[in-house]
2 protein chains.
Amino acid sequence: MSSVSLKDVAAAADVSFQTVSKVLNGKGSVAPKTRSRILEAAGSLGYVPNALARSLQGTSTHTIGVISTDFSRPEVALNIVGIEHEARRHDVAVIIGSLDPDGTDCERYLRVMLERRVDGVIMNAPATEHYPRVGELLRDSFTAVSLHEVAGGGVPVVRPNAQDSGLLPTRHLLQLGHTRIATITGQAGRRITEHRTEGYRRALEQRSVAFDATIVEPGEWTVEGGYAATHRLLDRAEDVTAIYVQNDRMAIGALSALHDRGLRVPDDCSVVGCDGVAESARTIPPLTTVHIPFHETGETATRLLLDIISGQSKPRSITLPVSMVYRSSTASPQPR
Amino acid sequence: MSSVSLKDVAAAADVSFQTVSKVLNGKGSVAPKTRSRILEAAGSLGYVPNALARSLQGTSTHTIGVISTDFSRPEVALNIVGIEHEARRHDVAVIIGSLDPDGTDCERYLRVMLERRVDGVIMNAPATEHYPRVGELLRDSFTAVSLHEVAGGGVPVVRPNAQDSGLLPTRHLLQLGHTRIATITGQAGRRITEHRTEGYRRALEQRSVAFDATIVEPGEWTVEGGYAATHRLLDRAEDVTAIYVQNDRMAIGALSALHDRGLRVPDDCSVVGCDGVAESARTIPPLTTVHIPFHETGETATRLLLDIISGQSKPRSITLPVSMVYRSSTASPQPR
DNA sequence: CTGTTAGCGCTTTCAA
DNA sequence: TTGAAAGCGCTAACAG
């Protein structure tokens, strides 16, 4: 472990350690001879500046915290990768915390971020969107940007257009001629689920198709959840001719369930996913879905956070556009 | 932003800041009255200790670095989540760096970790396994544990049994009666690819089935790569009756390609994946695969790293067992 | 051009 | 039981 300090370099170059500091930071003026002597000493000693000591008197730690829901889900991972890429572009380090499913450990993580004096925090924790204490902490003690709503508001939110994520695919199905369109939703009680469902509902309304709560089935975001939800749905309403599944992983489960029931996609039932994960291109059949810019969302949130920290930008929320990806899991309803 | 310091608390409680330090760290003996006065002052002022200052004279920063290949791939994400979980259990913060595909920015990240004086580093960067400079740095300047081999060795490696990951599924196919068994490999030149292929080869040898390089096709680990590789493979060798695909994402592509060619799985061709991602349970048909304990690998590596740091353990490598998951994409070959 | 003085927030002796 | 002194590695301001 490197523990060569400025003083060590100074001793080797026979100058004061403050002069070394100047040279290494390119500040002040130093005699060329001294400078090169110092540079050489630093090089041969393998000097590496101590970022902690540096942060101690500066105002910035060049570090941000990311508190995220379990990022083994690919969409979430893409968010984080986007965040990390943008942070790195600005020479900012990222400390990460991954929450348990209920987000009950969020405050603990926030505390850690406080102790480490991060310059700001990016929240990607839908589970905490109704926790007032988290919202309070974020507003009072941090410069923060969130990818989901925050209890009590007051924190800039950067996210893909969730309502369009429901509206676009539903409209697509309507345009194909479907009228019995079911939806398999994400986790109940989450804003993002509400928004996607709201988009679905609005698309129906625009075409004067009645919303029917009996063909709205929760699927928990998981492959298995989507599989089970599809069975429950079709056990109850076999006249459904199309399903908008609120994420691709559940859609993979839905395709499997449909297949197990002897139903052909899209002939007997159309399916639209949401998210645009890589796998969706090669499901059987390839999945029509909504492309959500997860990576870009992470980048944008980070850029905003960094701009707010540096005073270059005022806090504001940003919504990113989503777009349809048409593949072969959707078609006009066939007479049966 | 909280910038209440020990001195502020001391002033409020009318004692010296050193006494406050004692109380807050539970050291030394302090009069009960003083103690409670200090505690109250700290509480009402919202004092949060500065971890950076604390690290400055201590020997540890309670921080580890993780340098990883792009973790938007679910297997990789699982590794990282495992690392994070274990670190958090030990109250250690995690700084993350995600490499570009070639890992050329690895040294830069290592430098950042050095500057931040992390206690140790976990490497998950197969792309750098042949970079001597990375190996050197790791050995000379860090306490490190890697999830992949490191150039020049000397760094403990914690990883799932890669050879078994090839041997077990191939043996399964052989036991079903297949003899024309192809494999779609991961990225060429990577150790993990070599190991999985070596396992495949060994299983064949054990049953005296000749290894045939013409039915070994590289697939780049991606869905699309697996799709394309399957087509290339079958264009060349249509007598293949089974394929061991070296990861589940490529296997999804393979199932799709097989379907597009009008081949039925498993009747016309059996497919075994590798990794055991959630999607594999609901592909069409559900995929027989190898379960790889990615989360546990991350946890184990972290526990080892932390133990090495604290001197509780000597550096050593650990191999974790993998296991078969039997589903419906494999069957005995059918006469055609 | 260079070194001195001061201090970031904290922990750790050591005296009082 | 408490506080004063010292120092972790560094930067910043100023004097020489």
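Convention: sequence-line order gives letters A, B, ...; per-chain numbering from 1.
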Rounded to whole Å, the CG-P distance (Leu24(A) to dC10(D)) equals 9 Å
The side chain to side chain donor-acceptor pair (under 3.5 Å) partners of Arg159(A) (sequence neighbours excluded) come to Glu149(A)
Here the distance between atom P of dG9(C) and atom CG of Asn25(B), to the nearest Å, is 17 Å
Phe17(B) CZ to dG9(C) C1', in whole Å, measures 8 Å
Between CG of Leu52(A) and C1' of dG9(C) the distance, given in whole Å, is 12 Å
State whether a side-chain donor-acceptor pair under 3.5 Å links Thr193(A) with Gln187(A). no
Kindly check if the number of other-residue, nucleotide or ligand heavy atoms within 6.0 Å of CG (Asp14(B)) is above 12?
no
Original post:
Does the side chain of Ser21(A) get closer than 4.0 angstrom to OP1 or OP2 of dT11(D) through an N or O atom?
Top reply: yes
Whole-Å distance, Asn50(B) CG to dC10(C) C1', equals 8 Å
From CG of Leu6(A) across to C1' of dA12(D) the rounded distance in Å is 13 Å
When rounded to whole Å, the CD1 to C1' distance for the pair Ile38(B) and dT1(D) reads 11 Å
> If you draw a 6.0 Å radius around CD in Glu40(A), do more than 12 non-hydrogen atoms from other residues or ligands fall strictly inside?
Replying inline: no
By side chain to side chain donor-acceptor pair (under 3.5 Å), Glu115(A) pairs with (sequence neighbours left out) Arg111(A)
Here the distance between atom P of dG3(D) and atom NZ of Lys7(B), to the nearest Å, is 15 Å
Terminal axes of the helix from dC1(C)-dG16(D) to dA16(C)-dT1(D) (5 end pairs apiece), angle rounded to 10 degrees, sit apart by 50°
Check the interface with nucleotides 1-3 of chain C: list each N/O to N/O pair with the protein under 3.5 Å, or write none.
residue: dC1(C); atom: OP2; partner: Ser29(A); partner atom: OG; Å: 3.2
residue: dT2(C); atom: OP1; partner: Thr34(A); partner atom: OG1; Å: 2.6
residue: dT2(C); atom: OP2; partner: Ala31(A); partner atom: N; Å: 2.8
residue: dT2(C); atom: OP2; partner: Thr34(A); partner atom: OG1; Å: 3.1
residue: dG3(C); atom: OP2; partner: Ser16(A); partner atom: N; Å: 3.0
residue: dG3(C); atom: OP2; partner: Ser16(A); partner atom: OG; Å: 3.4
residue: dG3(C); atom: OP2; partner: Thr19(A); partner atom: OG1; Å: 3.1
residue: dG3(C); atom: O6; partner: Lys22(A); partner atom: NZ; Å: 2.9

Between Gln57(B) and Arg54(A), the residue closer to the 5' end of DNA chain D by nearest nucleotide is Gln57(B)
**Lys/Arg-Asp/Glu bridge criterion (N-O < 4.0 Å) met for Arg108(B), Asp100(B)** = no
Whether the His85(B) and His295(B) side chains hold a donor-acceptor pair (N or O, under 3.5 Å, no angle test) is what I'd like checked. yes
Among the nucleotides dC10(C), dG9(C), dT11(D), whichever has the atom closest to the side chain of Leu56(A) is dG9(C)
Contacts of Asp105(B) meeting salt bridge (charged side-chain N to carboxylate O under 4.0 Å, His left out) (sequence neighbours excluded), chain-then-number -> Arg88(A)
Salt bridge (charged side-chain N to carboxylate O under 4.0 Å, His left out) pairs touching residues 299-312 of chain B, sequence neighbours excluded, are Glu86(B)-Arg303(B), Arg89(B)-Glu299(B)
